[in-house]
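Whatever order the structure lists ligands and atoms in, that order sets their numbers, starting from 1.
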Amino acid sequence: MARVYNFSAGPSMLPESVLKKAADEMLDYEGSGQSVMEMSHRSKTFDKMIKVAESLLSEIMYISDNYKVLFLQGGGSTQFAMVALNLMNKNNKADYIITGQWAKKAFKEASRYGDVKAVASSEDKTFTYIPKTDKSTFREDADYVYICLNNTIYGTVYHELPDTGDIPLVADISSNILSEPIDVSKFGLLFAGAQKNMAGAGLTVAIVREDLIGNAMDITPTMLDYKTQADADSLYNTPPCYSIYIAKLVYEWIKNEVGGLDKMKELNEKKAKLLYDFLDSSKLFKGTVVPEDRSLMNVPFVTGDADMDAKFVKEATEAGFVNLKGHRTVGGMRASIYNAMPYEGVEKLVEFMKKFEADNK
Ligand SMILES: *Cc1c(COP(=O)(O)O)cnc(C)c1O
């Protein structure tokens, strides 16, 4: 069967050249006579591989030396607890901006460990915008401020970061890591599950400013202490070896084939513009997010009629555009157009939508 255009919010498409390289190296990774899946994580070959992966990520994201790059497990969701256990350590207080389900889940999890306050929210309008904040929004003695930078379900993104002054800013970047340059120095901690824009599921990357490591609460499980992982260079126990390997191939793809994150951003903007321009001109379909907060990665849209939405999703699936059904809390459709979605995929989707609109007048 021909490959489909997969618009899933995650796990999602990977670049074809990455999949082909992985297939080529499946039986024999760099002359080791084995697959990375079978290899000891204590072997020289693996050690070299994980170090290359880490340095490539640091290079393409311009991560400076005072940050630790950690390859972890447990998904973005485990970070909800890990962030709180490790960082809510001075005044036992943290401020959260609620921009969707993921931020809400992180907030709930952190509430188990301290005085956590939802300082702003966009729930009043089904999370279709990013709430405005300023320095006075945040408690001066908060240990950190938490945001979800790109809201996968609702399709919003921060184009401008909240001003938190000296309070460390923590961000979930699960669905927009590597989609455009991020100024890492503006954050105390960033984390992302790999399965949206980086690799298969199983790997979670955390980028943690060094001064925030080493003060976890006493109750913190050993595995959830960033210090355990930082001291062991992400090899305290068996890491998600194969996902790290795929991530390395994706980093190489971004560096060598795409040409870095500025270029990646350009490509992503071009793709997103095509779809948003169509949505803005269509009489049948419309985007759900206010234009100024629109995500480059996740594009929710509706027809306003649930039966028409279902008809569209069904016909699109038959035509090879899969996983366009919106999240159950939003309804309608959502096209996730991560890094690996080719321009041509969006172009063909828009053509299909135009035809569907003409046929359903
Ligand atoms: C998918 C997603 C998560 C959850 O990730 P898991 O790895 O499944 O735990 C968290 N945050 C955001 C923004 C996501 O898109």
Side-chain angles (χ1 to χ4, degrees), residues 6-14 70-85 96-110 112 118 121-123 126-131 144-159 161-162 169-180 182 187 189-207 223-224 229 234 239-240 242-244 246-247 250 268 272 289 293-300 323 325-330 334-341:
N6 180 5
F7 292 91
S8 171
S12 40
M13 291 182 79
L14 285 165
L70 304 175
F71 294 118
L72 310 172
Q73 305 196 52
S77 302
T78 298
Q79 292 306 303
F80 300 165
M82 214 160 155
V83 163
L85 288 163
Y96 279 64
I97 302 180
I98 312 297
T99 49
Q101 302 280 346
W102 296 120
K104 214 173 182 177
K105 281 190 171 163
F107 168 78
K108 253 181 128 173
E109 187 70 10
R112 307 177 63 197
S121 168
S122 49
E123 191 160 16
T126 330
F127 301 116
T128 50
Y129 69 103
I130 298 289
Y144 62 90
V145 170
Y146 182 102
I147 61 171
C148 180
L149 198 63
N150 183 76
N151 295 281
T152 325
I153 296 173
Y154 302 94
T156 60
V157 70
Y158 283 84
H159 288 296
L161 294 176
L169 182 61
V170 172
D172 177 354
I173 54 168
S174 292
S175 51
N176 66 331
I177 188 168
L178 303 178
S179 66
E180 60 180 325
I182 290 179
F187 298 88
L189 190 156
L190 292 162
F191 70 83
Q195 70 273 21
K196 314 272 162 75
N197 225 359
M198 206 156 40
L203 166 67
T204 309
V205 168
I207 302 163
M223 275 291 289
L224 299 191
Q229 308 288 354
S234 303
Y242 199 74
S243 288
I244 295 170
I246 297 292
V250 168
N268 284 328
V289 171
D293 297 330
R294 285 169 168 177
S295 166
L296 284 181
M297 296 283 98
N298 312 97
V299 184
N323 292 317
K325 193 170 175 346
H327 192 267
R328 60 188 182 281
T329 59
V330 188
R334 171 180 46 172
S336 293
I337 48 176
Y338 295 115
N339 287 353
M341 172 61 67

Task: Any donor-acceptor N/O pair, Ser122 side chain to Thr128 backbone, under 3.5 Å - done: no
Open item on the list: For the CG atom of Asp172 and the CG atom of Leu149, what is their distance to the nearest 0.5 Å?
Closed with: 8.5 Å
Open item on the list: Tell me which one of Asn176, Val250, Asn268, Ile177 satisfies side chain to side chain contact (heavy atoms under 4.5 Å, CB included) with Asn339.
Closed with: Asn268
Task: Distance (rounded to the nearest 0.5 Å) between Phe191 CZ and Thr78 OG1 - done: 10.0 Å
Show the short N or O contacts, below 3.5 Å, that ligand 1 makes with protein N or O atoms; if there are none, say 'none'.
| residue | atom | partner | partner atom | Å |
| --- | --- | --- | --- | --- |
| ligand 1 | 7 (O) | Gly76 | N | 2.9 |
| ligand 1 | 7 (O) | Gln195 | NE2 | 2.9 |
| ligand 1 | 8 (O) | Gln195 | NE2 | 3.4 |
| ligand 1 | 9 (O) | Gly76 | N | 3.2 |
| ligand 1 | 9 (O) | Ser77 | N | 2.9 |
| ligand 1 | 9 (O) | Ser77 | OG | 2.6 |
| ligand 1 | 11 (N) | Asp172 | OD2 | 2.5 |
| ligand 1 | 15 (O) | Thr152 | OG1 | 2.4 |
| ligand 1 | 15 (O) | Lys196 | NZ | 2.5 |

- [ ] Decide yes or no for Leu296 and Val157: does some side-chain heavy atom of the first lie under 4.5 Å from some side-chain heavy atom of the second?
- [x] no
- [ ] I would like to know whether Thr152 and Asn298 meet side-chain hydrogen bond (donor to acceptor under 3.5 Å, both in side chains); could you show each step before the answer?
- [x] CA-CA 6 Å; Thr152 325; Asn298 312 97; 4.7 Å; no
